[in-house]
Amino acid sequence: MQHTIAAPIRRHLRALAALASAAAGLLILAAPAAHAAYPEQPVKLVVGFPPGGGGDLYGRLIANALGKTLGQTVLVDNRAGAGGNIAADIVAKAKPDGYTILLAMSGNLAVSPAMKPQSLPYKVPDDFTAIGLILEAPHGLFVGQASRFKTARELLDAAKTQKLSFASTGTGGAAHIGMEMVKQKAGVEMLHVPYKGSGPAITDMMGGQVDSFFATASPLVGQVRQGQLRLLAITGEKRNPAIPEVPTFKELGVNVPVTQWYGLVAPAGTPQAVVKLLSDHLSRALATPEVRDAIRKDAATEHDLPMERFRSFIVDDIARYKAAITPALMKEITQ
């Protein structure tokens, strides 16, 4: 009698086990499908600049291009402040699902980690997954059209015997550190005069309060073409096709490899399939005439450097800035 009752129970248990196994198989099959459906909702691109700034314009350019290729809206979320570090912290702590990404730049993912890694609320590169580099723009040494200096060599030679000054848009910024590299490599001393923006710096340079201005070249190329400013030399490995008449510091024997760059990163832990998809679509966007021409017109250069290669680029850039930070410079930055 007991045997007669047990048999149906065993058959029932076997049936339940089979159903459970089938359900598990369906879940396994469904997992790739979930990633394949990405993006199912708008993607947020966090930008560490206020609307209208140079970085914001590049962010909107890429957001628009990615939106077209992804078939999903990419929204720009402006979170300005602390040199882009606020935006980076927001993304570092965001859910790693591919729906929150960062317009990374040399300031918040290279300069700040090089100067003050212990005080940052995020770690580079550990807290991020690299999607891809977008562009590089050279830094440049500017003077007014009325300046007595016609070439960078004239200015650097004069700085060896005269007390000259240079303006920047802030102590500890990428451009400030870049000019410190120029000074180190050229063996000169120049007084640093920080400003809160390029407008006041240029006004004082035109008025003779400072001798020169070191800044990212791209936003000021228009004023150079209009004859308001003179661009003496740029950083980077080679001349820029948009301004072929301007020499590099490297040609002068003062090799300064740092540039202003922008790229895309996601929070650490973002699924690899999602990162790869975003990276592929970024590459497609950079290849379009619309994006390429918009980047090149102001002496920037699109640079398709995906995923792990971009991560290595960031790590190398941090090392370059660390090498430039002397005890005297650190004292100036922390005062």
Side-chain angles (χ1 to χ4, degrees), residues 54-55 58 83 104-112 114-115 133-143 149 151-157 159 164 166-188 190 192 194 198 201-202 205 211-224 229-263 295-303 305 313-326 329:
Y58 287 133
M105 60 174 180
S106 50
N108 56 13
L109 257 68
V111 179
S112 290
M115 290 193 308
L133 184 61
I134 297 171
L135 65 89
E136 290 185 83
H139 297 302
L141 182 60
F142 295 85
V143 295
F149 300 116
T151 67
R153 175 52 60 198
E154 288 178 2
L155 188 149
L156 293 175
D157 285 346
L164 301 181
F166 75 94
S168 82
T169 54
T171 301
H176 173 208
I177 307 303
M179 186 60 190
E180 294 295 336
M181 291 184 182
V182 172
K183 288 168 53 181
Q184 289 175 22
K185 299 290 180 67
V188 302
M190 293 179 68
H192 175 225
S198 60
I202 291 171
M205 183 175 67
D211 297 297
S212 59
F213 179 40
F214 197 84
T216 303
S218 296
L220 302 177
V221 166
Q223 289 175 264
V224 173
L229 299 175
R230 186 181 299 131
L231 178 52
L232 303 183
I234 59 173
T235 64
E237 294 296 321
K238 58 185 179 181
R239 295 197 182 199
N240 191 288
I243 43 174
E245 71 281 3
V246 179
T248 64
F249 282 102
K250 185 176 181 179
E251 292 174 53
L252 306 175
V254 184
N255 188 18
V256 182
V258 294
T259 59
Q260 175 67 45
W261 54 260
Y262 296 95
I295 290 173
R296 291 182 182 180
K297 69 180 178 66
D298 288 330
T301 305
E302 76 282 1
H303 196 164
L305 203 64
F313 175 90
I314 294 170
V315 171
D316 291 344
D317 210 37
I318 293 172
R320 281 188 283 267
Y321 282 108
K322 279 184 177 179
I325 299 173
T326 62
L329 178 58

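We're numbering straight along the sequence, starting at 1.
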Got a second to check how far M181's CE is from T235's OG1, nearest 0.5 Å? 9.5 Å
Apply side-chain contact (heavy atoms from CB on, under 4.5 Å) to F149 and S212, showing your working. CA-CA 9 Å; F149 300 116; S212 59; over 6 Å; no
For the rings on F214 and H176, is their centre-to-centre separation under 6.0 Å? no
How far apart are the closest heavy atoms of L231 and L141, and which atoms are they? CD1-O, 3.6 Å
I want to check something: taking the side chain as every heavy atom from C-beta on, are I318 and V315 in contact at a cut-off of under 4.5 Å? no
Does some side-chain heavy atom of S106 sit less than 4.5 Å from a side-chain heavy atom of D317? yes
Within the 6.0 Å centroid threshold, strictly below: Y262 and Y58: yes
Assess the residue pair L232 and F142 against the criterion (side-chain contact (heavy atoms from CB on, under 4.5 Å)); give the C-alpha distance rounded to whole Å, side-chain angles, the decisive distance to 0.1 Å, and a yes or no. CA-CA 6 Å; L232 303 183; F142 295 85; over 6 Å; no
Between V258 and I177, does a side-chain contact (heavy atoms from CB on, under 4.5 Å) hold up when you go through it step by step? CA-CA 9 Å; V258 294; I177 307 303; over 6 Å; no
Check whether any side-chain heavy atom of Y321 sits under 4.5 Å from a side-chain heavy atom of M115, and report yes or no. no
Do M179 and F213 come close enough that some side-chain heavy atom pair is under 4.5 Å? no
Strictly below 4.0 Å, N to O, side chains only: are D157 and R153 in salt-bridge contact? yes
For the residue pair W261 and F313, does the interplanar ring angle fall in the parallel (under 30°), tilted (30 to 60°) or perpendicular (over 60°) class? perpendicular
From R320 CZ over to I325 CD1, what is the distance, rounded to the nearest 0.5 angstrom? 13.5 Å
Any side-chain heavy atom of V182 sitting closer than 4.5 Å to one from L156? yes
Criterion side-chain contact (heavy atoms from CB on, under 4.5 Å) on M205 and L229, from CA distance to verdict: CA-CA 10 Å; M205 183 175 67; L229 299 175; 3.6 Å; yes
Show the nearest heavy-atom pair for residues S198 and T169, with the distance to one decimal. N-CG2, 3.7 Å
Checking R239 against E251 for the salt bridge (charged side-chain N to carboxylate O under 4.0 Å, His left out) test, could you report, in this order, the C-alpha distance in whole Å, the side-chain angles of both residues, the deciding distance, and whether it holds? CA-CA 9 Å; R239 295 197 182 199; E251 292 174 53; 2.8 Å; yes
Once rounded to the nearest 0.5 Å, what's the spacing between atom CD of E302 and atom CG of L135? 8.5 Å
If you measure only the distance, is there a donor-acceptor pair under 3.5 Å linking the side chains of H139 and T216? yes
